[in-house]
J.: 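Sharing a structure with you now.
Sequence lines set the chain letters: A, B, ... in the order given, protein chains first and strands last, and positions in each chain run from 1.
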Amino acid sequence: MRWLLDIDRRIIFLLVLVLIVLATVLQDRIEFPIVSSSPVDGVYDAIDGLPAGSPVLLSMDYDPASQAELEPMNRAVLRHLFRKDLRITGMTHWPRGLNFVEQVVQSTAREFDDLSVEVRTFDSKKAATDHLALVKTKPDEAAKVKAQLATVNIGRERAEAPIQYEPRLYTLLDEVEKGLAAEPFEQGAKHHVLTVVERKPTKEYGKDYCYLGVRLGAAILIINMGQSLFDAFPADKYGTPTRELAGQGKVLEGVSKLGDFKYLMVVAAGISAEQWIIYGSQKYGFPMGVGCTAVMAPDLYPYLNSKQITGILGGAKGAWEYEAKIRVPDKATSRVPAQTMAHVLVILLVIFCNVAYLMVGRSKPPGAR
Amino acid sequence: MRGLSSHSRALGFGLGLGLGLALALALAPAARAAEPAPLPKPGWFKAFDTPNDAGQKISAEWAGAENERVEAKYVLSISTRKTGPFAEAFRGPSTTSLKVEDTATFGPWTGGDAKAHHVAVSPLATYRTQTLAALALDDGPKANATATVAMLLRLPKRLQWLHLFGKETLDRARRTLADAKVKRVADLEAEGVQDVEKDLAAIILDRPFYVTLEVVEGERREPVGDVQEARARDNAFNWKKLNNFLAMLFFGGAVLGMIRRARSNPDMYLRRIGGLEAVDEALGRATEMGKPVLFAHGLETMANISTIAAVNVLGEVTKRVAKFDTKMICVNNDPVVFAVSQETVKEAYLHAGRPDAYNADDVIFVAAEQFSYVAAVSGIMMRQQPAANIYMGYFYAESLLLAETGASTGAIQIAGTDSYTQLPFFITTCDYTLMGEELYAASAYLSRNPMLLGSLKGQDIGKAALMAIVLVGTLLSTVGIEWVTKLIEVYT
Amino acid sequence: MATLDVPEKKGAPSIGDILFYVVLFNLFLWGSLFAFLHEDGHDLRVNGVFNYEALGVLIATGVTLALYSFLYKDNPFFKAAENLYVGVGLGYELVLVWYSSIKPDLYKPLIRYAVRYELWQEGAIKGQPDFWLLIPLFLGLLLLSRFIPRLSWLSRWAFAFYVGFGAGASIPNVIASNVLQQLKYTLVPIPFDAGFLAAFNTVVILLGVVSVLLYFFFSIEHRGAVGIVSKVGVWFLMICFGASFGYTVMGRMALLVQRVDFLIHGWLRL
Amino acid sequence: MQFFKRTIPIAIALITGAWFAVQYYVPAGWSETSLTKASTWLKILAGFAFALGLYSLCHMHLLRIRRRVPGWGYSLLVYVGLLTALYFGMIGEVRKVFEIAVGPIDTSKGIAWLVFAGWHAFEPGGEGKGYVWLYDHVYNPAQATMFSILAFMIASAAYRTFRARTWEAAVLLVAAGLVMFGRVPLSGLVSDFFPSFADWIMANPQMAAKRGILLGVSLGSIATSLRIIFGIERAYLGGGD
């Protein structure tokens, strides 16, 4: 048993490496049971329970440095908000995040475009790939191949015959421009190549969502927003007066101050989450949820316990669970399984070495330090 | 005709007056009902230099009033002349800008009238340095016709500024700009002239400003009080940071006082610090094995206190190394730390009476960046197999990489860091670890210099005070006495 | 020359070592070939121009594998990658020093007036030289006095400024962020009315802070009551270190996943 | 001599230290300016110090090459990396100096092409791309790889050291195990208790100890600062009395 304790550390290195390589190679084939934790449920259920058309505020307070951790959850939450047809108002406290966050909002809104696609079905993957090459090189010839027209809306999880919606379509189609084709995909033993003929936006700026941009002031800004949104943000990022956005049938209809929002979601890399709680929800009373980096999460749990926030999405794990809940597997989903397996390995190693240690007995002098 | 006309006019006038009066009387109740609630009327209004700032702003303060509501706005206007013209500098709902909420300006000292309002406005937002520069540079006739037109268009503004600031201000601005060789306003954006804008700002701010307050709702407008005068000044003390200042005086006093006492009373009890006792053991082992000792500072620069403490430890360790006649390699990542370490090691050898043993190449600058440093130091560990590794300073992710590699070579490892995120890794992989504060105590402990030991005693007094504050403060705030928590707020 | 004189361990590499080198090298070689040859692989030319990106990916892969080979043992591949990386890292930092401090902070506001002013009397250079910068220039030159052993003590003046600034500026900042801020979070009322757990948590934090502080006391013996409380402090410290360690594992694994992701999708294009 | 070697530096440290300790409380414009100026000066000083570092590193490797120390060939690679990075990084500046001195140069052919190839080789018209390329394909991967080695190290450290040798070690082990297990996404399958208990540990006992450490550290650093300012601790000046 002694040797188990003095095991060459290179064996451990090898175990870790093999496991992660396997998990990465078999990424698509690994089905991971996901049990969402109650903090994540807290955010999801709160948003899911809102009636369509409720105004919500989304504060995205991070910058490219925390992008890897926060962008997946930001997108996941946005997708959920859009899918529920809520009226979304976006903003940020961070000047460095201004354009970056805007891009996240816009591209997510684009995912809800109605896509008219020509579906060309092939029997083999080879034929489909060849066709794709043809679309790239000789679009005219490619257009002559017989096709069926269908409408797809990935955001709303809708697709017409001959294809059926499945989550894979999301990553396949979300960046395909008009006139271009997506990579072939297999469904029911057939291989389909989808060529986008037209994109019809279904989410309209100013009506379904808006982006107020950035304003400095942190806590003071939040207090001002609690008094009057129009004074805190006289105009949105593009110069449209916010009063105009509050007109009939517009995104801010019936909203003039923070308390009028039905929900606040904060995706934050810094202290702004706490500021939103203390100066915002505590003072003006509205439910809110927080998404933050894994390091910050423990600091926020006391607020969850005291019910000042409905839930927390913490780091990659939170994003992963949320992606599962809204059935859109994205970046978090592709990385978390490998991470998890390596993590479990470490736990097993610790258990194993302690069992071995106890069996050898503590009386013997320790071997390798 | 004339008589008639005057007659009829008088008649018409009388009739009109009568009718109007009657109408007014008849409609009066209705009109009063349609009229919205009266505007808030603050009882007093004053202006003064904004405290705790760098002389950029002036403050206005006024009493809270009845009927304050979001629709009714307070409007502040400023001017450089008592008679105006005034320009609007602030507009906000009358329910906001309460003084008690303005901790950004006052820190904890917002007290007094709970309903009073406070707003700090920057004259530079109204009278912009760019405008001053434009006017100052535009001087003199222009041959170009378009320039003349442009000048004419700007004339009202120029006249207004001349009226507000006087010719002397423009002259001062002109001199400043000429000194900096600025010829066009766009030049102000150029590199090397950023300070000119500061100078222009100082020229604009160098005068009293006049402030008026009005209450505005829709078309209605009512002035509050008289025109007030204030001047923006550089403040000498930031009262928001008073608690910080007092804390510094207290801790500083405790440390310095104890150092003073230690001079007359050098015998002092000091608890054992295992990690430091182990230094001699490690050096002894290295001597026995004929292998070198490796000393690594963390990643921080020389301006970081942990690094300073690490260099102090380095000095003490080197003295011992010289005594033991062992070899030491000191690896660095920051060039300043590297140079300082070289000096420290050299002097320590000299101090130990072994200047011959000093070799400048023992202190090496191995790499300039975090992970190439890791790669290089790991390489040194694998190839030279030091018998002891000493890590002192502020570490980041490299801590575990170094310590785990060091452990695999079988070296005795002693670490000391105040970077609490890395402490877990040192604790688990090193033989001895100085946690947090112990790093700062290390040089005192090793040198046994009474003055340094005295400062440790001072630290203990500080800790005792902190413990007392925590315990008493929690007790007080639990029974509802809040002022202790106010005392420790941080304002910037 | 202590750092140079210690001879590196020399000896014939064992069979295992040779096997390892051969496997590693072949992995790189065949992997790269595969990466270029298979269907979705890299292209040699893109738009008729040599594909520098693909070449870059190969180099990146080489560096990655060579650095990982250190996990097996110190070896020639690692030594090569290490030294190359040290060189590139230093070069990169030097370029950074030039672009981010010497050029904008010293050359532009001070020296270029001396260098270029005469050439462009009416030229594009606006502003005045900032003569304050003569101080750091002077101190910097003092630093360079270290190249002359007899004058090297002059560099102490520069050290003194550097260290003095660090020491002075840190005091108030430490009080603000580490003393007051931490006290503020600790000094909360014990919420007896918010349920047992909330009150318990507050008491736990209070006990932890006080006992850890007591553990750090230098000038009193850790015996009797003090000994017991500081023992509790040690337990808190151990919980803290264990928990932080455990909490970090996941994040570190993510780094490796990212790297493996590069090898499999970026290099091999699977 | 003692005056120049010892007294002046201590006086400099005293004056700068004392002023920048007080500066924090002085909001006036000139006080802020002194802070920004001094931090810029520190940056410049660090820049000068880089010359010392560069010399040390180059000197060491040059010696290795000259003396043919075993493995001296690897030292050549340091120079290769250094010069490549410097070339790609500084070629633009060199070109500027050239253009100021001799007027515009045509870098599309001849010797000028050879010298300035790094400026445009990687993408026609893409100036300075070479530096980005080097960053993306050597510097960045090397950095990320060294960083990711942590994953292996953390696994082996956990295996080697997490043993219940003493009561303290057992506490550490249990805390680490609980938090690790609670952080695994799968722990929720077993029981909701684990993730929430892990969070509880992080938010309470862990937080408490962290605060205790931070408070102690701040006192230690204040004391060290004062010892520096008042010249009691002067190891950085070579120690001595």
J.: Sort B/Val366 into side chain, backbone, both or neither according to what part of it lies under 4.5 angstrom from a heavy atom of chain D.
T.: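 For B/Val366, the backbone is the part near chain D, not the side chain.
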J.: Is there a side-chain contact between B/Ile364 and D/Leu57, using heavy atoms and a 4.5 Å cut-off?
T.: no
J.: With a 4.5 angstrom heavy-atom cut-off, is it the side chain or the backbone of B/Ile308 that approaches chain D, or both, or neither?
T.: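 The side chain, not the backbone.
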J.: If you take all heavy atoms of B/Ala236 and D/Pro27, which pair is closest and at what distance?
T.: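 Heavy-atom minimum between the residues: C-CD, 3.8 Å.
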J.: Are the side chain of B/Asn238 and the backbone of D/Val26 linked by a donor-acceptor contact shorter than 3.5 Å?
T.: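 Checked: no pair found.
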J.: Given heavy-atom pairs under 4.5 angstrom as the criterion, report whether the side chain, backbone, both or neither of B/Tyr420 touches chain D.
T.: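 The side chain, not the backbone.
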J.: Examine whether an atom of D/Phe152 lies under 4.5 Å from a heavy atom of chain B, and if so say whether it belongs to the side chain, the backbone or both; otherwise answer neither.
T.: neither
J.: Chain D heavy atoms under 4.5 Å from B/Leu401: which part of the residue, side chain, backbone, both or neither?
T.: both
J.: Measure from the side-chain N and O atoms of D/Ser56 to the backbone N and O of B/Phe365, and report whether any donor-acceptor pair falls under 3.5 Å.
T.: yes
J.: Counting only non-hydrogen atoms closer than 4.5 Å, does B/Lys346 touch chain D with its backbone (N, CA, C, O), its side chain (CB onward), both, or neither?
T.: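 No part of it gets close to chain D.
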J.: Hey, is the main chain of D/Tyr24 close enough, under 3.5 Å, to the side chain of B/Lys241 for a donor-acceptor pair?
T.: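 Checking the backbone N and O of D/Tyr24 against the side chain of B/Lys241, a donor-acceptor pair under 3.5 Å is found.
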J.: Check each atom of D/Ile154 against the heavy atoms of chain B and say whether the ones under 4.5 Å are side chain, backbone, both or neither.
T.: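 For D/Ile154, the contact with chain B is made by backbone and side chain together.
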J.: Can you say whether B/Ala303 sits under 4.5 Å from chain D via the side chain, the backbone, both, or neither, judging by heavy atoms?
T.: side chain
J.: Could you pull out the closest heavy-atom pair between D/Ala157 and B/Thr429, with the gap in Å?
T.: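 Minimum heavy-atom separation between D/Ala157 and B/Thr429: CB-CG2, 3.8 Å.
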J.: Please report the C-alpha distance between D/His59 and B/Asp361 in whole Å, then the side-chain angles of each, then the deciding distance to 0.1 Å, and finally whether the side chain to side chain contact (heavy atoms under 4.5 Å, CB included) criterion is met.
T.: CA-CA 9 Å; D/His59 178 70; B/Asp361 288 332; 3.5 Å; yes
J.: Side chain, backbone, both or neither: which part of B/Leu242 has a non-hydrogen atom closer than 4.5 Å to chain D?
T.: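 It is neither, since no heavy atom gets under 4.5 Å.
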J.: For D/Phe4, does the CZ atom have more than 12 heavy-atom neighbours from other residues, nucleotides or ligands under 6.0 Å away?
T.: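 Open.
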J.: Are D/Arg160 and B/Glu404 side-chain neighbours, meaning at least one heavy-atom pair lies under 4.5 Å?
T.: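 Of all side-chain heavy-atom pairs linking B/Glu404 with D/Arg160, at least one is under 4.5 Å.
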J.: Using a distance-only test with no angle check, is there a side-chain donor-acceptor pair under 3.5 angstrom linking D/Gln143 and B/Glu369?
T.: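 A donor-acceptor contact under 3.5 Å links the two side chains.
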J.: Would you check if D/Tyr25 and B/Met248 make a side-chain contact, meaning some heavy-atom pair closer than 4.5 Å?
T.: yes
J.: Distance from D/Glu233 atom CD to B/Asn312 atom CG, nearest 0.5 Å?
T.: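 These two atoms lie 3.5 Å from each other.
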J.: Any chance you could measure D/Glu32, atom CD, to B/Asp234, atom CG, to the nearest 0.5 Å?
T.: 10.0 Å
J.: Which of the residues D/Leu52, D/Leu150, D/Val22, D/Ile149 is involved in the greatest number of heavy-atom pairs with chain B at under 4.5 angstrom?
T.: D/Leu150
J.: Tell me, do B/Glu437 and D/Leu215 make a side-chain contact under 4.5 Å, heavy atoms counted?
T.: no
J.: Is it true that, when you exclude B/Trp239 itself, more than 12 heavy atoms of the residues, nucleotides or ligands shown sit nearer than 6.0 Å to its CH2?
T.: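 No, CH2 of B/Trp239 has 12 or fewer neighbouring heavy atoms, counting only those of other groups under 6.0 Å.
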J.: Is B/Leu423 close to chain D through its backbone or its side chain, or both, or neither, when contacts mean heavy atoms under 4.5 Å?
T.: side chain
J.: Identify the two heavy atoms, one from B/Thr428 and one from D/Thr161, that lie closest to each other, and give their separation to 0.1 Å.
T.: O-CG2, 2.9 Å
J.: Tabulate, in ascending numerical order, the residues of residues 217-229 of chain D having at least one heavy atom closer than 4.5 Å to a heavy atom of chain B, or enter 'none'.
T.: D/Val217, D/Leu219, D/Gly220, D/Ser221, D/Ile222, D/Ala223, D/Thr224, D/Ser225, D/Leu226, D/Arg227, D/Ile228
J.: Which bit of B/Asn332 comes within less than 4.5 Å of chain D, counting heavy atoms only: side chain, backbone, both or neither?
T.: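 For B/Asn332, there is no contact with chain D at all, as no heavy atom is under 4.5 Å.
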J.: If every non-hydrogen atom of D/Ala46 is compared with every non-hydrogen atom of B/Pro335, which pair is closest and at what distance?
T.: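 For D/Ala46 versus B/Pro335, the nearest heavy atoms are O-CG, 3.9 Å.
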J.: Under 4.5 Å heavy-atom distance to chain D, tell me which part of B/Asp53 shows up: side chain, backbone, both or neither.
T.: backbone
J.: Between B/Asn244, B/Asn52, B/Thr421, B/Ile427, which residue shows the highest count of heavy-atom pairs closer than 4.5 Å to chain D?
T.: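 If we count pairs closer than 4.5 Å to chain D, B/Asn244 comes out on top.
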J.: How far does CE of B/Met451 sit from CZ of D/Phe230, to the nearest 0.5 angstrom?
T.: 12.0 Å
J.: Quick one: which of B/Val340, B/Leu466, B/Leu452 has the most heavy-atom pairs under 4.5 Å with chain D, could you say?
T.: B/Leu452
J.: If you count every heavy atom of other residues, nucleotides or ligands that lies below 6.0 Å from D/Arg68 atom CZ, does the total exceed 12?
T.: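 For D/Arg68, atom CZ is crowded (more than 12 foreign heavy atoms under 6.0 Å).
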J.: Between B/Val470, B/Asp334, B/Asp418, which residue shows the highest count of heavy-atom pairs closer than 4.5 Å to chain D?
T.: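 When all of B/Val470, B/Asp334, B/Asp418 are compared, B/Asp418 has the most.
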J.: Measure the spacing between CZ of B/Phe338 and CZ of D/Phe50 and express it to the nearest 0.5 Å.
T.: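 Reported value, rounded in 0.5 Å steps: 11.5 Å.
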J.: So which part of B/Leu256 gets closer than 4.5 Å to some heavy atom of chain D, the side chain, the backbone, both or neither?
T.: side chain
J.: Counting only non-hydrogen atoms closer than 4.5 Å, does B/Phe237 touch chain D with its backbone (N, CA, C, O), its side chain (CB onward), both, or neither?
T.: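 Both backbone and side chain of B/Phe237 come within 4.5 Å of chain D.
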J.: Is it the side chain or the backbone of D/Phe48 that comes within 4.5 Å of chain B heavy atoms, both, or neither?
T.: neither
